[in-house]
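Since this is a predicted model, take the numbers as computed values, not measurements.
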Amino acid sequence: MTRQANGAGAHPASGRLPQLLSALFYGACSFLIVLVNKALLTTYGFPSPIVLGIGQMAATIMILYVSKLNKIIHFPDFDKKIPVKLFPLPLLYVGNHISGLSSTSKLSLPMFTVLRKFTIPLTLLLETIILGKKYPLNIVISVFAIVLGAFIAAGSDLAFSLEGYVFVFLNDIFTAANGVYTKQKMDPQELGKYGVLFYNACFMIVPTLILSASTGDLRQATEFNQWKNVLFIIQFLLSCFLGFLLMYSTVLCSHYNSALTTAVVGAIKNVSIAYIGMLVGGDYVFSVLNFIGLNICMAGGLRYSFLTLSSQLKPRQPVDEENIAPEVKS
């Protein structure tokens, strides 16, 4: 009985390593791409977040297709049932892309990261409605602290941008819905995580390109005066590659954890970005109330992250085999 109990306790611990590694991978990718995109859209003044999104989709398609040809990864070939299996992910995917890049260009880094906190309560709500999950009161209180701090900071934002706020709230909605539906659609017997990524990008790159061309966004991008700047080109290509890594790491984190844990890791990442943005970005306007709101929001995010991750790391108590058998089976 002792041997069985020890074995039962060791197995979950080994299973938590992919959970932690996938969460760290997502956090690193998310951190890096915000900084690179901020440099492209603000420092260099690149006028087309949509074209940047198209570049990230194209990088995703090429990397996954070449990997499949070389049998590094596997996902099913196209058939008529795939659009039905994916819906509404492609729409959420492109909405998440465009709104995220647009909001990055119109808000300071601290305010962008604070307002992105609304993804967390939205994800919690959607997981409760769509996936039927329930969360304890201490998690809900932490979410309330995050939202309260975000409201205080946003209400005293001296660099208010209505367009930026609209885009970032749309981005919150798309991100939450995309994370929850990705978790729901990611059946290994169906498309799997690579199939979800590949066909999402394939289905939406052409409509997004048409939208970019019809709005004049593509023309502005092609006429941009920095295309001969080697540093700009390197950062543009880096953003495209990081866009693929972010999409992959998001799916990976949701696969091994949950959409809510992915949002939690984003909150941890935002702590560092917000404070870095106060020092380097040049577009943060300081006020006492705004700074207090930022800190309340960050404290709530860290508390929320601690509660969620500590519950994952907590070892299960050894119990009789009769009691654990139904849980193991489920």
A.B. asks: Are Ile72 and Phe75 connected in the hydrophobic side-chain network, where two residues link if heavy atoms are under 4.5 Å apart?
C.D. replies: yes

A.B. asks: Determine the minimum heavy-atom distance between Trp227 and Ala221, stating which atoms define it.
C.D. replies: NE1-O, 2.6 Å

A.B. asks: Using a cut-off of 6.0 Å, state whether more than 12 heavy atoms not belonging to Phe144 lie near its atom CZ.
C.D. replies: no

A.B. asks: Would you say OH of Tyr65 has more than 12 non-hydrogen atoms from neighbouring residues, nucleotides or ligands within 6.0 angstrom?
C.D. replies: no

A.B. asks: Could you measure the distance from the OH atom of Tyr44 to the CZ atom of Phe236? Nearest 0.5 Å is fine.
C.D. replies: 13.0 Å

A.B. asks: Please tell me if the side chains of Gln56 and Ile33 come closer than 4.5 Å, counting only heavy atoms from C-beta onward.
C.D. replies: yes

A.B. asks: To check you understand the geometry: which heavy-atom pair defines the closest contact between Phe46 and Leu41, and what is its length?
C.D. replies: O-CD2, 3.5 Å

A.B. asks: Measure from NZ or CZ of Lys68 to the centre of the six-membered ring of Phe198, then state whether that distance is under 6.0 Å and the direction lies within 45° of the axis.
C.D. replies: no

A.B. asks: Linking I/L/V/M/F/W/Y whenever any side-chain heavy atoms sit under 4.5 Å apart, do Leu197 and Phe87 land together?
C.D. replies: yes

A.B. asks: Under a 3.5 Å distance rule, please check whether Asn70 uses its side chain to pair with a backbone N or O of Val66 as donor and acceptor.
C.D. replies: yes

A.B. asks: Which heavy atom in Leu40 sits nearest to a heavy atom in Ser239, and how many Å separate them?
C.D. replies: CD1-CB, 3.6 Å

A.B. asks: Could you check whether any side-chain N or O of Ser214 sits under 3.5 Å from a backbone N or O of Leu211, counting only pairs where one atom can act as donor and the other as acceptor?
C.D. replies: yes

A.B. asks: Between Met247 and Tyr199, is there a shared hydrophobic cluster once you connect ILVMFWY residues whose side-chain heavy atoms come closer than 4.5 Å?
C.D. replies: yes

A.B. asks: Determine whether Leu242 and Leu245 make a side-chain contact, defined as any pair of heavy atoms from C-beta on separated by less than 4.5 Å.
C.D. replies: yes

A.B. asks: Rounded to the nearest 0.5 Å, how far does CE of Met62 lie from SG of Cys240?
C.D. replies: 8.0 Å

A.B. asks: Starting from Phe291, can I reach Val288 by hopping between I/L/V/M/F/W/Y residues whose side chains sit under 4.5 Å apart?
C.D. replies: yes

A.B. asks: How many angstroms lie between atom CZ of Phe174 and atom CZ of Phe169, to the nearest 0.5 angstrom?
C.D. replies: 14.5 Å

A.B. asks: Is the shortest side-chain heavy-atom distance between Asn200 and Met204 below 4.5 Å?
C.D. replies: no

A.B. asks: Evaluate whether atom CZ of Phe25 has more than 12 neighbouring non-hydrogen atoms of other residues, nucleotides or ligands under 6.0 angstrom away.
C.D. replies: yes

A.B. asks: Are Ile234 and Val34 grouped together when hydrophobic residues (ILVMFWY) are joined by side-chain heavy atoms under 4.5 angstrom apart?
C.D. replies: no

A.B. asks: Can you confirm whether Ile205 sits close enough to Leu209 that some side-chain heavy atom of one is under 4.5 Å from a side-chain heavy atom of the other?
C.D. replies: no

A.B. asks: Can you see which heavy atom on Pro47 is nearest to which on Asp217, and at what distance?
C.D. replies: O-OD1, 3.9 Å

A.B. asks: So, for Cys253 and Tyr26, which heavy atoms are closest and what is the spacing to 0.1 Å?
C.D. replies: CB-CB, 4.1 Å

A.B. asks: Looking at Ala201 and Ile61, what are the two nearest heavy atoms and their distance?
C.D. replies: CB-CG1, 3.6 Å

A.B. asks: Measuring from Leu231:CG to Thr43:OG1, what's the distance to the nearest 0.5 Å?
C.D. replies: 12.0 Å

A.B. asks: CD1/Ile54 to OG/Ser48 distance, rounded to the nearest 0.5 angstrom?
C.D. replies: 6.5 Å

A.B. asks: Restricting to side-chain contact (heavy atoms from CB on, under 4.5 Å), what partner residues turn up for Asn225, sequence neighbours left out?
C.D. replies: none

A.B. asks: How far does CG of Asn37 sit from CG of Leu238, to the nearest 0.5 angstrom?
C.D. replies: 9.0 Å

A.B. asks: Are the side chains of Ser30 and Leu246 in contact, using a 4.5 Å heavy-atom criterion?
C.D. replies: yes

A.B. asks: Indicate, with yes or no, if the rings of Tyr248 and Tyr194 have centres closer together than 6.0 Å.
C.D. replies: yes

A.B. asks: Donor-acceptor pair, Thr128 side chain versus Leu124 backbone, under 3.5 Å?
C.D. replies: yes

